[in-house]
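These notes are about the structure you will find just below.
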Amino acid sequence: MTTRFPYLRHDFTASLVVFLVALPLCVGVAVASGVPAELGLVTGIVGGIVTGLIRGSSLQVSGPAAGLTVLVFEAVSEFGLRVLGVIVLAAGLLQLVMGALKLGRWFRAISVAVVEGMLAGIGLVIIAGQLYAAAGLKAPASGIDKVLGLPGAAADALGSTVALTSLAIGAGTIAVMVGWKTLPKKARTVPGALAAVVLATVVTQMFGLPVASVEVNGLLGSVQLPGADALGALGDPAVLGTIIAFTLIASAESLFSAAAVDRLHDGPRTQYDKELMAQGAGNAVCGVLGALPMTAVIVRSSANVAAGARTKASRVLHGVWLLLFAALLPWALALIPLPALAGILVHAGWKLIPFRGVVSLWRKHRGEALILVVTAVAIVTVNMFEGVLIGLALSVVKTAWETSHVRLEVIDKGAGPIQAYLSGNATFLRLPKILDSLEALPQDRPVVVDLSGLHHLDHACRIALETWAERHSVAGTEPVKVMEPVKATAGEPA
């Protein structure tokens, strides 16, 4: 046995650790997403057993992620739980196609500032929304309303003993998770999130505190296969937009997580296209079962590596433990107080905000820092999908601006023609600057514009330069002479 499975002991131990880390997060993400708690476990099971068996990233662990909580909640609120399954199924199939077309590696080209801004915006919305849940209050629908409504919610909570009790459970959960890191290493064998939930559950039950707990419908009762009516929602443009958002965000988060996990171990590197297909297969199965979407989760993945996992067996086994728990101990879910899960999500949301990253970017790359902040603010004030699109658009504009450097050097010896040398990349973004400088040249002197130093000359610049050359010189003056870039055509490299 040891010869056939040389790393079984390591993977078995790691799988138990990942299971204990994943259990409260699966339940917490499901409740925060507005779906039955069991569906979070279903996604965790599929992420372990289905995605875990497929080649891609050997030590990365998948399941329901806090990063998609906001988008899932919005989808469930707008389209309903049955349509969520169709959305997740379509997103999974799209990921499979993208992986087959070898597009996985291209997600690595997405600006890190956009991804971190996306996670920061999600973290802020999660924190704001879960503060209401911790107090047992109903949260507003939009992100900006959640933030603006917090002072009023605080006033309401202060006037209610039940709300204060609920808040105390949530705050205690966060305090245990934060303080858990200071305990001796042996004590930290049990994950802080699990210890905090167990402690909150024991205190609530022991003192009979009046706080809400998780509703239990049973594993089979929560699974809802998409029907024909739900499939008909694919004709709705809003549903199609949500599918694209799920696909792009889940794929980007998973592949960025894979890159981070690769830095934590010395084993086989991630095969990005295959990992994208593994995520697609998992999401397709989750969609058929009407469960939450999945991504690779850095918290579980790093716990897996730290626990000594060597092969994909650890993540598959963690899925088996989740399945056994859901099948044999579903009653245990009903004991978990909701404010404890809210505390876990507030802690998770806080960790999504890259405070140190923003400071570091501001010192070295202020443009990137601005993109990060704008993306986060846009997600809070508008919505998830449009916020990410705004971030991507800003990233593209910034890159285009930085790569369109052009230099104009004017040499006037007092006699003979004025020499104007253009070098670099002449694009429409720098056209106003170029024309301002050229139009300032004397109109009663011969002018030679030398474009031989240009690496790129786009169509807009070419037309503008030709028009300026035709109109610049006054009557009786030699027309402007333009020396073309060598072997360059409009819009092509020189």
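Because the structure is a prediction, the values reported are computed rather than measured. Computed from heavy atoms alone, side chains included, the values below leave out hydrogens, waters and symmetry copies.
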Check your understanding: So do Ser33 and Leu292 actually touch side chain to side chain, heavy atoms under 4.5 Å?
Key -> yes

**Study point:** For Trp362, ring pair (Phe, Tyr, Trp, His ring centres under 6.0 Å) partners two or more places apart
**Key:** none

**Study point:** Qualifying residues under side-chain contact (heavy atoms from CB on, under 4.5 Å), relative to Ile336, sequence neighbours excluded
**Key:** Val197, Thr201, Val214, Leu333, Leu341

Practice item. For the residue pair Val88 and Leu289, establish whether any side-chain heavy-atom pair is separated by less than 4.5 Å. Key: no

Point to revise | Partner residues of Leu209 under the side-chain contact (heavy atoms from CB on, under 4.5 Å) criterion, sequence neighbours left out | key: Thr165, Ile169, Val203, Thr204, Phe207

Review point. According to the salt bridge (charged side-chain N to carboxylate O under 4.0 Å, His left out) rule, which pairs have a member within residues 276-298, sequence neighbours left out?
Key: none

Check your understanding: What pairs with Ser166 under side chain to side chain donor-acceptor pair (under 3.5 Å), at least two apart in sequence or on another chain?
Key -> none

Study note, to complete from the structure: What one should report as the nearest heavy-atom pair of Ile54 and Arg315 is O-NH2, 3.1 Å

Check your understanding: For Asp273, which residues count as a salt bridge (charged side-chain N to carboxylate O under 4.0 Å, His left out) partner, sequence neighbours excluded?
Key -> Arg105

Practice item. Applying side-chain contact (heavy atoms from CB on, under 4.5 Å), name anything that partners Ser62, two or more places apart in sequence or on another chain. Key: Thr51, Gln279, Met294, Ala296

Exercise for review: Determine yes or no for a side-chain-to-main-chain donor-acceptor pair under 3.5 angstrom, with Asn304 supplying the side chain and Gln60 the backbone.
Suggested key: no

Point to revise | Partner of Ile122 under side chain to side chain contact (heavy atoms under 4.5 Å, CB included), chosen from Val388, Leu352, Ile127, Ile353 | key: Leu352

Check your understanding: Who passes side chain to side chain donor-acceptor pair (under 3.5 Å) against Asp145, sequence neighbours left out?
Key -> Ser142

Check your understanding: For Trp180, which residues count as a side chain to side chain donor-acceptor pair (under 3.5 Å) partner, sequence neighbours excluded?
Key -> none

Practice item. Might you point out which heavy atoms bring Ala332 and Phe325 nearest each other, and give the distance in Å? Key: CB-CZ, 4.0 Å

Check your understanding: Going by heavy atoms in the side chains, are Thr43 and Pro293 under 4.5 Å from each other?
Key -> no

Point to revise | side-chain hydrogen bond (donor to acceptor under 3.5 Å, both in side chains) contacts touching residues 70-95 (sequence neighbours left out) | key: Gln95-Ser251, Gln95-Asn283

Exercise for review: Tell me yes or no: between the side chains of Asp458 and Thr427, is some donor less than 3.5 Å from an acceptor?
Suggested key: no

Review point. Is a side-chain donor or acceptor of Thr295 paired with a backbone partner of Glu253 at a separation under 3.5 angstrom?
Key: no

Check your understanding: Do Lys138 and Tyr132 have side-chain heavy atoms sitting under 4.5 Å apart?
Key -> no

Point to revise | Qualifying residues under side chain to side chain donor-acceptor pair (under 3.5 Å), relative to Gln271, sequence neighbours excluded | key: Lys274

Revision key, fill the gap. Nearest heavy-atom contact between Ile379 and Gly117 is CD1-O, 4.2 Å

**Study point:** Sequence-distant partners of Glu368, salt bridge (charged side-chain N to carboxylate O under 4.0 Å, His left out), two or more places apart
**Key:** Lys398

